[in-house]
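Heads up: the structure comes next, in structure tokens.
Everything numeric here is computed off the predicted structure, so don't read it as measured data. So that the names make sense, note that chain A is the first sequence line, chain B the second, and so on, each numbered from 1.
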Amino acid sequence: MQDLSALPHELTGNTVPMISFKSVRKAYGDLVVINDLDLDIQVGETVSIIGPSGSGKTTVLRMLMTLEDVNGGVIYVDGKPLTHMVKNGKLVPANERHLRKQRVNIGMCFQHFNLFPHMTAIENCMEGPVQVLGLSKSEARERSEELLELVGMIDKKDQHPARLSGGQQQRVAIARALAMRPKVMLFDEVTSALDPEVIGEVTNVIRNLVAEHNLTMLLVTHQMGFARDISDRVCFFFGGKIEEQGSPDQLFGNPQRERTRQFLSAVREAI
Amino acid sequence: MFDWRWEFVWQILPRLIEATGNTLIAAGAGYCIALVLGLVLALAQRTRHRWVNMAVNEFVEFVRSTPLILQIFFIFYVGPQFGILLSPWASGMIAIGVHYACYLSEVYRGGIDSVPKGQWEAATALNMTTMQKYRRVVIPQAIPASLAGLGNYLVGIFKDTPMLSVIGVAELLHTANAIGSENYRFLEPYTMVGIIFLAISLPAAGLVRMVEGYVRRRMGL
């Protein structure tokens, strides 16, 4: 096992980052997907991850949501270790109980929405608050209606997902994740499975979130214009590492690395 | 040629109809046991404890690979040697319920496997416990997906109830046998048993399809 003794049991100081990857590594057999990643995301910051497919972008989000475990290093959320817990004065891999305690901080939206097909839009939103947070049904309903209003889906609240378009499903999925009141929101290619004409309705919802809520957000996206508009920082991933990062203007306007330039010109040609 | 006597048919019909009730009760009770126990077995094959999964898996394979009639005999005739004294009805229900539970567990397993990975991940993202994932997300989707298979075994269990006649459960075939031996006439009783089975099996299969369609619509699938 990897030596974690150099890593802190808790992050302290004046500005504890909301999310912190420290020497994180992920591999499937011999295939290294994430290679010694260090990444800090501050409270309220919006960070986009771009890069070619297979560069490990989605894995970063999936490890944060604890859908994948890490093979090395530690991820901290709000200063506390997420992937590990302290036992006998040492960092050891987290058990399910620890994960459940730490996961409350994080919400996620998926490329394929993953709404529960047997529940209506509002039931999807109420499910977590009622079952997991223990809210009363009326409290959860009130909260869910507010959020469905926010994403412009209140008039479809009693429809099952099968009756909704992709863009509508994704907006419900955003409301469902927000209903858990997470501190961090993860968006994993949320527009990739959508028809071009409905991408705007989803990106507009996210734009509003950025403008009006103090959420920490991490997005993986192929919409470069969208990433440029909303991000405080953009990270270009290549080969499981951050090849280059900076403000949107810096990274899109004046990329320093050859691979970043190649990727951006390839993306522009595609449009 | 045939020596078919209608008046004999009318004479034995009331007894056969009464026995049909027993057959339906046996099939229904056995099926209910199988529905519940089958789901328990399917879930027990998926726990985190490897030895539990393996033991349950072996048990299911064992039951599925041995004849039902042997299991009926075993519970009824060998059970007492181990101090387990059960009535024919109780033995029969246990045997048929457990036997079909093993088949249904495979149907449930297919249904659970058919629930997309994204559903589990969405449930994790909502911070659900494993129990909540099964109860609220996976099983409600696995059961509609299993309905066709579950329904087939309902007809199957119904057609297997005559095996209970070997330990003296007064279902249809047992009654037909008794009528035959009393009157030295087997043509009418056995023919009537066949017709009764057909008259129940055929609509049942259609009913299963209707229920399946209804449940899928209700769940918005």
Item to check | B:Glu121 versus chain A, the contacting section by heavy-atom distance below 4.5 Å | outcome: both
Checklist entry - Tell me, side chain or backbone of B:Thr130 under 4.5 Å from chain A's heavy atoms, or both, or neither? => result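 For B:Thr130, no heavy atom lies under 4.5 Å from chain A.
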By a 4.5 Å heavy-atom criterion (distance strictly below it), what part of [X] contacts chain B: side chain, backbone, both, or neither?
X: A:Ile106; value: backbone
X: A:Phe116; value: both
X: A:Leu133; value: neither
X: A:Arg176; value: both

Can you tell whether the side chains of [X] and [Y] come within less than 4.0 Å, N to carboxylate O?
X: A:Lys57; Y: A:Asp188; result: no
X: B:Glu212; Y: B:Arg209; result: no
X: A:Glu201; Y: A:Arg171; result: yes
X: A:Arg103; Y: A:Glu96; result: yes
X: B:Asp113; Y: B:Arg46; result: yes

Item to check | Residue pair B:Glu106 / B:Tyr153, side-chain donor-acceptor N/O under 3.5 Å | outcome: no
Checklist entry - Who wins among A:Met180, A:Met108, A:Arg100 for the most heavy-atom pairs under 4.5 Å with chain B? => result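 Among A:Met180, A:Met108, A:Arg100, the one with the most close pairs to chain B is A:Arg100.
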